[in-house]
Amino acid sequence: MHTTLHKPAPTRMIATGEATAILPTETTPPIKVIGTEAIRDTFDDVCLQQAINSRLAPGVTDVVLNPDAHLGYGAPVGCVMVSPTHIYPGPVGVDIKCSMSLLQLDVPADVIEDRQTRRALISAICQRTPTGAGKGQRSVKKSRPVNRTLGKQLVVEGASESVCQQLGIPVDWADRCEDSFHLGHDETRDALGNRLEVLLAQRHMSNFSDKMSQLGSYGGGNHFGECEVVHVGDDDRSRSVAETFGLRDGKVAFLSHCGSRGFGHNLASGQFKTLQHKFSKWDIPLPAGDRQLVYAPLGTSEADDYLDDMALGANFATANHLLINALVLEAFQEVLPGTTGSLVYFISHNIARKEIMDNRPTWVHRKGATRAFPAGHYALRETPFADTGHPILLPGNPRDGSAVMVADAGAEQACFSVNHGAGRTLGRRHANRVLDQATIDKEFEQHDILSNCRFYPKDEAPAAYKDFEEVLRSVKTAGLASEVARLKARFVIKDASKADD
DNA sequence: ATGTGC
């Protein structure tokens, strides 16, 4: 919204393959675009202008626009921005370490065919993992209290052994995380403890204890929990990779999407304000005139503070996701005694990570983009996924399903990243105006997908998102990743507070 | 995304 169009509408993209293109700019190397022609037609001018602004911003060496790209804060949602020298809070986003996680259960699909069973599961899950803005813990409070002391520990340590034990999270789930913890700017834990004390003295952090009590909650917007049936692809590679991932064909799994809740929002918005104020006070030119693209050069105290805040928020998001998965498993066990479950993976799409690219360390900002390291990548050496690549969790929509993918060698051309889902095609306001409630709810009924919402939010309806098949086709055709399994929705947990009145 | 809009 704040992005200004300095130039006339961006020049047209030039196709370099069936699902790849470049977006030329006047003064820098071209931006890489992933998407078939049909997908490239979905990018509006402001989204493309944000990509160009990001590419021209100081210290940026690479930008990739993914098929799910749409308007974001400074940079498009659905892009990768790389810089060895500068950190950009906007292109991480307001929901620090917003992520996906997938819990594989040993429940055969036919056990949840019965609608009463699914209703009981919805109820048991909603009791434990609330949705909606500001909603903290409900019954969770009794079994998993998060007091100030534990809160301070978990934002500094992430999913450490001690934190997991106190929260009732299986300790070995930490091995199934893209990152189970985040360190401070100097790669120590102490830096985070010190930064936290500074933050706690500030007025906008006076609600710290309240924010900690939100642990184990989904929030609103596009966040969700979804019960799935796993359909592993019937080729040899899919079957073999699925086994390494711990996916079980024909069984139930649970997919979650949420982030760092109010705590991460406080940290991110605090950083936007601080940096925007400094740019203004010191009269530093804004990249493309866009205050959403304020940055900090690495090595400055401003960059140190941002990296520490990002890590604190990321640690909260990590503990939040793992606790949600533990609570979902507990809910299944209440309804279906004896159920066991294991975490397939937990992976973010809103984070900046230090990675080695072209033999040098650089900061990869993934803004609505998912890390995609293929088999043999150096960073997977010590993980269960060294020989396959790690799981990539891609939410589509309840009607058309979601996908588990694995990176191919071609992911390197996209800075080892893929999209993070389908991507919006209708803005929220537009969707609420043009979509019909009865049609949406009837469609869920036709597909026998239950929900905790009496009326499914219109701005979250499948029709508000891009064609998932075309998005997946883009990723596959560009050679970035291959499909391992499809997830078919059986019920959905969403924030119903806006639609359900 | 967000005790939801500067």
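Note on naming: letters A, B, ... go to the chains in the order of the sequence lines (proteins, then strands), and numbering restarts at 1 for each one. This one's a predicted model, so the numbers in the text were calculated from it and none came from an experiment.
- Across the protein-nucleic acid pair, A:Asp459 atom CG and B:dT4 atom P stand 17 Å apart, rounded to whole Å.
- Here A:Gln214 does not reach the OP1 or OP2 of B:dT2: none of its side-chain N or O atoms lies under 4.0 Å away.
- OP1 or OP2 of B:dT2 has not a single side-chain nitrogen or oxygen of A:Lys211 nearer than 4.0 Å.
- Within 4.0 Å (heavy atoms only), A:Asn350 reaches no atom of the nucleic acid at all.
- Atom CD in A:Gln271 sits about 19 Å away from atom P in B:dT2, given to the nearest Å.
- Following rounding to the nearest Å, A:Phe272 (CZ) and B:dC6 (P) show an atom-to-atom distance of 13 Å.
- Remark: A:Lys458 does not engage A:Asp436 in a salt bridge, criterion side-chain N to carboxylate O under 4.0 Å.
- The distance between atom CG of A:Asp495 and atom C1' of B:dG3, rounded to the nearest whole Å, is 13 Å.
- Between the P atom of B:dG3 and the CG atom of A:Asn266 lies a distance of 8 Å, rounded to the nearest Å.
- Contact annotation for A:Gly221: backbone-only contact, meaning every heavy-atom pair under 4.0 Å involves sugar-phosphate atoms and none involves a base.
- Atom P of nucleotide B:dG5 and atom OH of A:Tyr73 are separated by 13 Å, given to the nearest angstrom.
- Place A:Cys98 and A:Ala133 on DNA chain B by their nearest nucleotides, and A:Cys98 ends up nearer the 5' end.
- Relative to the ring axis of A:Phe316, A:Arg261 does not place its NZ or CZ within 45° and under 6.0 Å from the centre.
- As judged by a 4.0 angstrom heavy-atom cut-off over every strand, A:Gly264 is placed among residues making no nucleic acid contact.
- Salt bridge A:Arg424/A:Glu460: present, at least one basic N to carboxylate O contact under 4.0 Å.
- Looking at residues two or more places apart in sequence or on another chain, you find a side-chain contact (heavy atoms from CB on, under 4.5 Å) between A:Asp304 and A:His185.
- At the heavy-atom level, A:Gly93 lies nowhere under 4.0 Å from the strands shown.
- A:Arg429 comes within 4.0 angstrom of no nucleic acid atom, judged by non-hydrogen atoms across all strands.
- If you take OH of A:Tyr218 and C1' of B:dT2, they are 19 Å apart, rounded to a whole angstrom.
- Contacts classified as ring-ring contact (aromatic ring centres under 6.0 Å, His included) and involving residues 43-63 of chain A (residues at least two apart or in different chains) are not found.
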